[in-house]
Asks: 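Please find one structure pasted underneath; my questions will follow.
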Amino acid sequence: MKDAKYKQTKKYDVTKIDTDILLIPFNGDGASQKAVLLNEISATMFEYIGEGKTLSDIIALLMEMYDVEQDKLEEDISKCIEQLVSLNVIDLVELLE
């Protein structure tokens with residue numbers, strides 16, 4: 001997985017519910033018209049993106065938190081990133097070497 005940096009689009013109202021996050025789109029502004037529920041792991045990843053962490057930083061932190069194989073985690077993170085970008089929840093800032 002190539003390292004990259006993303007940012008939150010700020011097109012959603014963010015509501016924390018226990019360990020999950022509910023994203024409710026502001027009207028218009030390019031956001032999806034559907035609310036998005038992030039589970040614990042994707043919510044943690046979303047928060048780390050908001051802190052400016054790179055994908056490699058996020059993977060390393062999640063590896064410390066959860067008992068999961070790195071390949072599986074990278075695959076899941078990649079799918080989640082694709083979905084969040086397609087929903088206009090996050091944007092790519094830069095690809096890193």
Side-chain angles (χ1 to χ4, degrees):
M1 171 183 278
K2 287 194 171 196
D3 200 10
K5 193 172 209 177
Y6 291 85
K7 67 176 182 174
Q8 297 172 356
T9 62
K10 308 295 185 197
K11 295 180 180 181
Y12 290 79
D13 180 49
V14 179
T15 303
K16 187 135 177 139
I17 304 170
D18 199 20
T19 59
D20 298 339
I21 289 179
L22 179 63
L23 302 171
I24 301 172
F26 297 125
N27 288 335
D29 203 24
S32 166
Q33 295 303 309
K34 299 177 183 177
V36 178
L37 181 63
L38 303 178
N39 66 18
E40 180 179 353
I41 294 175
S42 57
T44 302
M45 182 190 72
F46 179 76
E47 289 174 334
Y48 285 151
I49 288 171
E51 294 172 7
K53 294 189 178 358
T54 64
L55 279 184
S56 62
D57 292 337
I58 293 168
I59 289 168
L61 289 163
L62 291 174
M63 289 292 299
E64 291 176 13
M65 295 171 69
Y66 300 98
D67 183 25
V68 63
E69 293 182 22
Q70 185 166 343
D71 290 344
K72 175 66 173 146
L73 180 64
E74 288 180 2
E75 180 182 325
D76 291 348
I77 293 290
S78 179
K79 288 177 185 175
C80 185
I81 291 287
E82 286 178 24
Q83 289 178 328
L84 294 178
V85 167
S86 72
L87 293 170
N88 218 1
V89 172
I90 61 172
D91 286 327
L92 176 67
V93 173
E94 66 180 312
L95 290 173
L96 305 170
E97 295 298 317

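Just so it is clear, the structure is predicted and the values come from calculations on it, not from any experiment. Atom set for the values below is all heavy atoms of this structure, side chains included, hydrogens, waters and symmetry mates excluded.
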Asks: Under the rule for side-chain contact (heavy atoms from CB on, under 4.5 Å), what residues qualify as partners of Glu75, not counting sequence neighbours?
Replies: Lys79
Asks: Partners of Asp76 by salt bridge (Lys or Arg N to Asp or Glu O under 4.0 Å), sequence neighbours excluded?
Replies: Lys72
Asks: Tell me, which pairs form a side-chain hydrogen bond (donor to acceptor under 3.5 Å, both in side chains) where one or both residues lie in residues 17-26, sequence neighbours left out?
Replies: none
Asks: Step by step, work out the side chain to side chain contact (heavy atoms under 4.5 Å, CB included) result for Leu23 and Val14.
Replies: CA-CA 5 Å; Leu23 302 171; Val14 179; 3.6 Å; yes
Asks: On a heavy-atom basis, which atom in Tyr12 and which in Asn88 lie closest, and how many Å separate them?
Replies: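 Smallest heavy-atom distance, with atoms named: CE1-O, 3.6 Å.
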Asks: Which heavy-atom pair separates Glu74 from Ile59 by the least distance, and what is that distance?
Replies: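 Result for this residue pair: CG-CD1, 3.6 Å.
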Asks: Of all residues at least two apart in sequence or in a different chain, which pass the side-chain contact (heavy atoms from CB on, under 4.5 Å) check with Ile41?
Replies: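 Partners of Ile41 under the side-chain contact (heavy atoms from CB on, under 4.5 Å) test: Asn39, Leu62, Tyr66.
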Asks: For the pair Asp3 (side chain) and Ser56 (backbone), establish whether a donor and an acceptor sit closer than 3.5 Å, ignoring hydrogens and angles.
Replies: yes
Asks: Does the pair Val68 and Met63 meet the rule for a side chain to side chain contact (heavy atoms under 4.5 Å, CB included), with working shown?
Replies: CA-CA 7 Å; Val68 63; Met63 289 292 299; 4.2 Å; yes
Asks: So does Glu69 have more than 12 non-hydrogen atoms from other groups sitting under 6.0 Å from CD?
Replies: no
Asks: Report yes or no: do Val89 and Leu22 belong to one cluster of Ile/Leu/Val/Met/Phe/Trp/Tyr joined by side chain heavy-atom distances under 4.5 Å?
Replies: no
Asks: For residues Lys10 and Phe26, report the shortest heavy-atom separation together with the two atoms involved.
Replies: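 Scanning both residues completely, I find the closest heavy atoms to be O-CE1, 3.4 Å.
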Asks: Roughly how far apart are Leu87 CG and Lys11 NZ, rounded to 0.5 Å?
Replies: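 With rounding to 0.5 Å, CG (Leu87) is 12.0 Å from NZ (Lys11).
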Asks: Verify the cluster assignment for Leu61 and Ile77: are they in a single hydrophobic cluster under the rule of side-chain heavy atoms below 4.5 Å apart?
Replies: yes
Asks: To the nearest 0.5 angstrom, please state how far the OG atom of Ser86 sits from the CD1 atom of Ile81.
Replies: 11.0 Å
Asks: Partners of Ala4 by side-chain contact (heavy atoms from CB on, under 4.5 Å), sequence neighbours excluded?
Replies: Tyr6, Leu55, Leu92, Leu95
Asks: How many angstroms lie between CG in Leu37 and OG1 in Thr15, if you round to the nearest 0.5 Å?
Replies: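 These two atoms lie 10.5 Å from each other.
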Asks: At their closest point, which heavy atom of Leu84 faces which heavy atom of Met45, and how far apart are they?
Replies: CD1-CE, 3.7 Å
Asks: Taking all heavy atoms of Lys16 and all of Glu47, pick out the closest pair and write down the distance.
Replies: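 Taking Lys16 first and Glu47 second, the nearest heavy atoms are NZ-OE2, 3.0 Å.
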Asks: Of all residues at least two apart in sequence or in a different chain, which pass the side-chain hydrogen bond (donor to acceptor under 3.5 Å, both in side chains) check with Lys5?
Replies: none
Asks: What pair of heavy atoms forms the shortest contact from Gln8 to Ile90, and how long is it?
Replies: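 Smallest interatomic distance, heavy atoms only, reads CA-CG2, 4.2 Å.
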Asks: Under a 4.5 Å side-chain heavy-atom rule over Ile, Leu, Val, Met, Phe, Trp and Tyr, are Tyr48 and Val93 clustered together?
Replies: no
